[in-house]
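All remarks here apply to the structure that follows.
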Amino acid sequence: MSFSISRLARQALLAAGLVGACTAAHAQDTFRIAGLVPLSGAFGILGENMRRGATIAIEERGGEVLGVPIEVVWDDTETSTQVAIQKATKAMARGVDMIFGEASSTTTLAIMKLAEQRKVPHIVTLSADDRITGADKSRYTFRTSNNVAMEVAALLAFAKNQNLEKMYIVMADYSVGRDLAKILETELPKNGIEVVGTEFVPIGTSDYAIILNKALESGADGLSLVVVGADVATSLKQGADVGLGEKMTVMGLMLMDETQGMVVGERGSVGINSTLRYHHTQDSDRNRDFVAAFVEKYGELPNQYAGEAYDGMSWWLDTVDATGVFDKEAWIDAFEGSVRDSSVEGLKVMRACDHQAEQVALFGTAVPDPSGELPIVMEIAESFEAEELFAPCE
Amino acid sequence: MTTSTAISCAGVSVFFDDFRALNKVSIDVKAGQVVALIGPNGAGKTTLLNALSGRLPQTTGRIMLGGTDISRVPVHRRAAMGLGRSFQIINIFPEMTVRENLRLGAQPHKFRFQPFWRDVSGWRDLDEKACAVAEEVELTDVLDTPAAMLSHGRQRAVELGLSLMSDPSVLLLDEPLAGVGQAEIDQTVALIERVRHGRTVLLVEHNMDVVMNISDEIIVMINGEILMRGTAAEVQADPRVREAYLGSGDRDA
Amino acid sequence: MTRFWTRDFLIALGLCVLLLAAPLVTRNESVFFLLSLIVIWSIFALAFDFCFGRGGILSFGHAAFFALGAYGYTWATMDLGLGFGAGLAMAILCGAVFAVIVGLVGQRVTGLYFALLTLMLAQLLAIIMVTRLRRFTGGDDGIAGVPRPMFGGIDFFETVNFFWLIAAILLAVVVTMHVLNRSPLGQAIAGLKQNEERARQIGFNTARLRLAVLSISGAYSGLAGALLGALLMYVSPQLLSWKVSGDVLIMALLGGTGTLAGPILGVTLFELLKEVLSSYTEYWYGILGITFILCTIFLPKGVVSLLLGRDKSR
Amino acid sequence: MAIIVVGLSIGMLIFLLAAGLTLIFGMLQVINFAHGALYMLGAYLAYSVAMLTGSFWLTLVIVPLMLLVLGLVIERVTLRPIYDADHVYQVLITFGVVLVIDEVVRFFWGLSGRQFSPAAFLVGSIDIFGTEVSRYRVFVIVVGAIVMTALLLGIEKSRIGLTVKACSVNPDMAAALGIRVERVRMMVFAAGAGLAGFAGAIAGPMLPIQLQMGNAILLDCFTVIIIGGLGNIRGAIVAAFVVGMSRAVGQQWAAEWVDVFTYSLLVLVLLLKPEGLFSKKERTA
C-alpha cells in the first residue's frame with residue numbers, strides 16, 4: 001500500500017515539476033500566447049480554422065515579435081464555456097502575454113472578464129455579440145472583426161436592396177436572438193418590408209422541416225434565417241428538399257460560406273445570402289499573400305474564420321512590435337486608435353472608445369463552383385462601407 | 001396459555017389483475033400457538049404471509065395485530081409493532097458480519113434516536129442485545145464472519161435472528177427449512193422450538209414431518225382459499241387434503 | 001467495521017494530506033489550478049458515490065445537484081450579498097432540497113428507471129433554467145464574476161490560498177463521510193443497499209432512508225458545485241449537462257465505488273490522464289476511451305482495489 | 001399533410017435507432033450509450049461509400065454490414081468480458097466506446113461536416129394533396145415501414161425471434177435447452193449496431209453529417225424506449241410515432257415549448273408507468 005502511494009505521489013510531483021520547469025525557464029524571453037479555441041464539438045471546425053489563420057500570421061513574421069520567439073499554446077475548449085473558463089484560468093495562472101479567442105460569444109464574454117481581472121490583452125476575431133465591445137467592454141479586450149450590429153445593418157440594407165415586400169423571421173431561441181428579432185421587427189418596416197411572422201427555435205433542434213414549411217406558406221418573399229452552430233446545416237439541408245432557396249430570398253448572419261456548403265451540399269446552398277466576415281477573393285496585396293501562404297501550408301483556401309483570425313493576429317503583433325517594449329499596458333495604448341490600412345479587408349480602424357474595429361461588411365451569395373471542386377463558392381454581392389454601418393464614437 | 005388472538009385477518013383477498021391469489025381468507029391465531037400453513041404450490045400461502053406482513057397490499061379485507069387494525073400500516077411500522085418475519089429465500093445482509101446483521105436488526109426499534117456521529121461499533125447495549133440473540137440462535141462462534149460465507153443452515157439462523165432483534169410477539173416464518181441440508185434440519189427445528197417460547201408463530205412449511213411435530217394447529221390452503229383447519233391428526237385423516245395434494249397441483253402462480 | 005482507522009480511510013486521508021502538502025513542493029499556479037479541480041471533483045465524486053456506492057441508488061442526474069449548488073452559492077453571494085459561509089450553506093441547501101424533490105417525485109421508481117428519471121429531471125431542469133429562467137441563470141451566457149471567499153485578510157484570488165481552503169474542505173468531507181458511514185444511519189444505509197426488502201422488514205422506513213441518502217448526496221454535491229463556481233468565478237447551465245453526470249459516474253467507478261479513497265483516486269487519475277495525454281497527443285480523447293475500457297475490464301473494482309487488496313471493506 | 005410526412009419521417013428514423021437500442025436492452029439489460037456514435041459512424045461511412053461507389057443504393061447495403069461486423073467486435077471485445085459484473089460497468093464501457101468511435105471519426109474524416117445525395121429520383125419535392133413534401137422523406141417512411149414490418153415478423157414469428165426471446169426472458173433456461181446464449185447476445189448487439197448503421201446511412205441525405213449528430217438523436221431514442229417500455233419493440237414503434245408527430249405538431253404550434261413538453265411527458269411516464277406506456281408486464285427492477 002505504502003509503495004503504491006509513494007509511487008503515485010512521485011508521479012504527481014513529476015507532473016507538477018514538468019509544468020513548473022517549463023514556466024520557470026522563460027521570464028521575458030518569449031512572447032506567450034494562449035490560443036483558446038474549440039477544436040472539438042460543434043464549433044471544432046471554427047476553432048481549427050482560427051488556429052490555422054493565426055498560425056500563418058505568426059509564421060509570416062518568422063515566429064518572433066519584439067525580438068523574442070512567440071510561443072503559442074492551443075487549448076481545446078471543447079465547445080463548452082465551462083471548459084474554456086477552466087483552460088483560460090489555467091493559462092492565466094501560467095502567465096501569458098495575450099489571449100486569443102474564443103469562437104462562441106458566450107465564452108468570449110466569460111473569458112474577457114478573466115482577462116480584465118488579470119490585465120491580459122485579449123483579441124477577439126470571431127465572436128460578434130455587441131456586449132463584447134458594448135455593455136461589457138473592457139480595457140483589455142479588442143475585437144478586430146464584425147459585431148452583430150453592423151451585420152444586422154448590412155442585413156437590413158441588403159433586404160432593402162432586394163426589393164422584398166414581406167419577411168419571415170426564423171430565430172435561434174437565445175438571448176442574443178431575442179434581441180435581434182426585436183431589432184429586425186422594428187427596423188424592417190422602416191425599410192418598407194412587412195414582417196409576417198417570427199418563430200423562435202430552440203438551439204439544437206433536429207428538424208426544421210415544419211418551421212421552414214410555415215415560412216414558405218406565410219406568403220413572405222424573404223426569409224431571415226438566424227440560427228447557430230449545427231442548426232445552420234440542419235435547416236438549410238432540410239430547406240433544400242422543398243426548394244427553399246428558389247422560392248424565397250433567404251438571408252442570414254454567417255449562414256453560408258464554402259465550408260458550410262460542404263455540409264449542406266449544392267442544392268441547399270445555391271442562392272443563399274449571408275454576411276461574410278472575410279472572403280479570400282477580397283482585393284488587397286496582403287490578402288493575396290495570405291491566401292497564397294495559406295494554400296501552400298494547408299492545401300485549401302482560407303475560410304472566414306481563418307481570414308479574420310489571421311487579420312486580427314497580424315494586426316495585433318505588428319502593433320506590439322512597433323511599441324518596442326515588453327509592456328502589456330503600452331501595447332493596449334498603442335492598439336487603441338490604431339489604423340490598419342493594409343488589412344486583408346482594406347482599411348480597419350480600432351476605435352479607442354469601445355475597442356471595436358471599424359471596417360467594411362460583406363454580403364455574399366452562394367453560386368455553383370465553376371471549377372466543380374466544391375459544392376458552392378461565395379460571390380460577393382454587396383459591400384457596405386464602414387460609414388454606413390457605424391455610429392461615430394461618442 | 002392465554003386465549004387472546006395474536007394476529008388475525010378477515011376476508012382478505014389479493015388479486016393480480018384478474019388472477020385471485022387469495023380469495024376472502026379469514027384466519028386467527030391465538031397467542032402462544034404455532035400454526036402451520038400447508039398446501040400445494042400456488043395455494044396462496046406465501047401471499048397470505050405477504051399480506052399479513054404488509055409486503056403486498058390486500059385488495060380487500062382487514063388485518064388485526066393484537067387488538068389493532070394494521071390493514072393500512074406500512075411494512076416497517078408493522079415490524080416496529082411486533083411483527084417479525086423470515087423469508088423463503090435467504091434474505092439477509094450478505095456483505096455484513098453476523099454481528100452487524102443483528103445490530104442492524106435492533107437499530108430501528110429501541111435505538112432510534114442516536115446522534116449521527118455515534119460510532120456503531122462502540123455501542124454497548126446494542127452489542128449486548130446482538131450477542132444475546134446470537135446466543136439464542138447459536139451463532140456466537142461466527143459473530144464476526146461475513147454472513148455470505150456461512151453455510152445455508154447458519155444463514156437461516158441469521159435470518160431468524162434478524163427477525164428476533166425487534167422483539168416480535170408474532171413471527172411469520174416462510175419455509176424456514178427451504179434449502180437447509182438434511183444434516184442441519186434437526187438443528188433448525190430445534191431453533192424454531194426454542195424461539196417459539198413466549199411468541200406466536202405462523203409458519204409455511206413443506207416438510208410434513210416437521211409441520212406435524214411442531215404445530216399446534218394446521219391450516220390447509222388451496223387455490224387461494226382455506227380448505228380446512230385442524231390438528232395434525234385431523235388434517236392427516238381428511239380425504240380432501242389428500243386429494244388436494246395429489247389432484248390439483250397444476251395451478252402455478 | 002470494528003476498527004475506526006480502516007485502510008480505506010487511511011488512504012483517503014493520505015491523499016488529502018498529499019494534496020494539502022503540494023504547495024510545499026511547488027508554487028506553480030497552474031498546478032494548483034489542476035489540483036483545485038481534482039479537489040472539487042473529488043468532493044463531487046464522493047457525493048455521487050455516497051448515493052451509488054453506499055446507498056445503492058444509481059443516478060444519471062447528479063449534475064443537477066452540482067449545478068444548483070453552484071447557482072445557490074452565486075445567488076447567495078451576488079444577489080443577496082451574503083458571505084462565503086452563508087453561500088456554501090445556501091449551496092448545500094439547494095443541492096439537498098432538489099435531491100429531496102427528485103427523491104419524492106421518484107418514490108415509486110427504483111433501479112435503472114430511477115436513474116433514467118434523474119437524467120430526465122436534470123434535462124428538464126436544464127431546459128427550464130436556460131430558456132425560462134434566464135433572469136436568474138443568465139441563460140446560455142451564464143453568470144460571470146462569482147466571488148471567492150473574503151475573510152481573515154487572506155487573498156483567495158491567489159489560487160494557492162483558495163486551494164488550501166478547498167483541500168481542507170475535502171479533508172472535512174472525507175472525515176464526516178467516514179463518521180457518517182459508521183454511524184447508525186450509515187449502517188442503515190448499508191442495509192438499504194444490500195437488501196432493501198429486508199431492511200424494510202426489520203423496521204426501517206426505507207422510503208425515508210432513500211430520501212436521506214439522496215439529500216446527503218445532494219448536499220455534498222451542492223457544496224462541490226459552489227466551490228467550482230468560486231474557483232472559476234463563473235457558473236452556467238452547462239453544469240447541468242448530462243456529460244457532467246456521466247463524468248462523475250466514470251470517475252467514481254474508475255476509482256472504485258463504496259470506498260472513500262476510490263472516488264478521489266478516480267478523479268485524480270482522470271484529470272491527470274487528461275492533462276498529460278492532451279499535452280502529448282491530439283488524440284487524447286480516444287486514448288482516454290481505451291483506458292476506460294481496459295480499466296473496466298481488468299479493474300472492475302476500480303483502481304483502489306490495487307491498494308486495498310481483495311478485501312475491500314476492511 | 002406536410003406535418004404528417006415530416007412527423008412520420010422523424011419517427012421512422014428514431015425508430016430505426018430505438019429498435020436496436022431496445023433490442024439490446026431486452027437481451028443484455030444494457031443501455032448502450034454508444035448507439036448514437038454507431039449511428040454517426042454509419043453516416044460518415046455512408047458518405048465515403050457513396051463517394052467511392054457513386055451509388056446511393058450500395059451504401060444502404062454495405063454500411064449496415066460494416067456496422068454489423070463492428071458490432072460483433074465491440075460486443076466480443078468490450079461487453080463479453082464483463083457479462084457477470086454489475087450492469088453499471090457495462091454502461092460505463094459503452095461510454096468508453098463512444099470516446100473511441102468519436103476519435104476514429106475525427107481521425108479519418110476530420111472536423112468538417114459532409115453530405116451526399118440520394119438517388120436522383122429521390123431529390124426534390126412532390127405534390128401530395130396540394131402540399132409539397134420532400135420526396136426523400138416519403139422514401140424514408142416507406143423504407144422505415146418495410147424494416148419495421150420485417151423486424152416485427154422476424155421477432156414475433158421466426159425461429160430466430162423465438163430464440164432471442166427465450167434468451168432475454170430466461171438466459172439460464174435457454175442455455176439449459178442448448179441455446180448458445182453468448183452467441184445470441186453477440187448477434188443481437190451486432191444487429192442493433194447494423195440497424196444504427198442503416199439509420200445513419202438513411203439519415204445522411206436528410207440531416208447534416210457531423211460529429212455531434214449522434215448525441216443529438218440519442219436523447220430522442222431514450223425518450224422513445226422509455227415511453228415504449230425498455231425492451232419492448234412494439235412499444236418502441238408506437239412511441240417513435242408519438243415522439244415524431246409531437247415534434248412535428250409541436251413545431252407547428254409552439255416550437256419553444258417542444259423540449260419542455262417532451263421531458264415533462266417522460267417524467268410523467270417514468271412516474272406513473274415506469275414499465276412504459278405500452279408494456280403490460282409489471283416491471284420495476
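Residue numbering restarts at 1 for every chain, and letters A, B, ... go by the order of the sequence lines.
Heavy atoms of C/A207 lying under 4.5 Å from chain B are absent altogether.
Under the 3.5 Å distance criterion, the side-chain polar atoms of B/Q107 are matched with a main-chain donor or acceptor of C/P184. Between the C/N195 side chain and the B/I92 main chain, a donor and an acceptor come within less than 3.5 Å of each other.
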Verdict with reasoning, C/E197 to B/R55, per side-chain contact (heavy atoms from CB on, under 4.5 Å): CA-CA 9 Å; C/E197 159 121 65; B/R55 192 169 173 231; 2.3 Å; yes
message: I'd like to know whether C/L192 forms a side-chain contact (heavy atoms from CB on, under 4.5 Å) with B/F93, so could you lay out the CA-CA distance, the side-chain angles of the two residues, the decisive distance to 0.1 Å, and finally the verdict.
response: CA-CA 9 Å; C/L192 176 77; B/F93 304 104; over 6 Å; no
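When B/N91, B/V75, B/N101 are compared by the number of non-hydrogen pairs under 4.5 Å with chain C, B/N91 comes out ahead. The choice from B/G84, B/P168, B/G54, B/S163 that makes the most heavy-atom pairs within less than 4.5 Å of chain C is B/S163.
When all heavy atoms are compared, the tightest approach of B/A79 to C/I202 is CB-C, 3.8 Å.
Distance check, rounded to the nearest 0.5 Å: CE of B/M96 to CD of C/Q194 gives 4.5 Å.
With respect to the salt-bridge test (charged N to carboxylate O, under 4.0 angstrom), the residues C/K193 and B/E95 do not qualify.
Considering only heavy atoms from C-beta on, B/S166 stays 4.5 Å or farther from C/Q201 through its side chain. Looking only at side-chain heavy atoms (C-beta outward), C/T206 and B/H76 stay at 4.5 Å or farther from each other.
When the shell of 6.0 Å around CZ of B/R77 is examined, it contains 12 or fewer heavy atoms from other residues, nucleotides or ligands.
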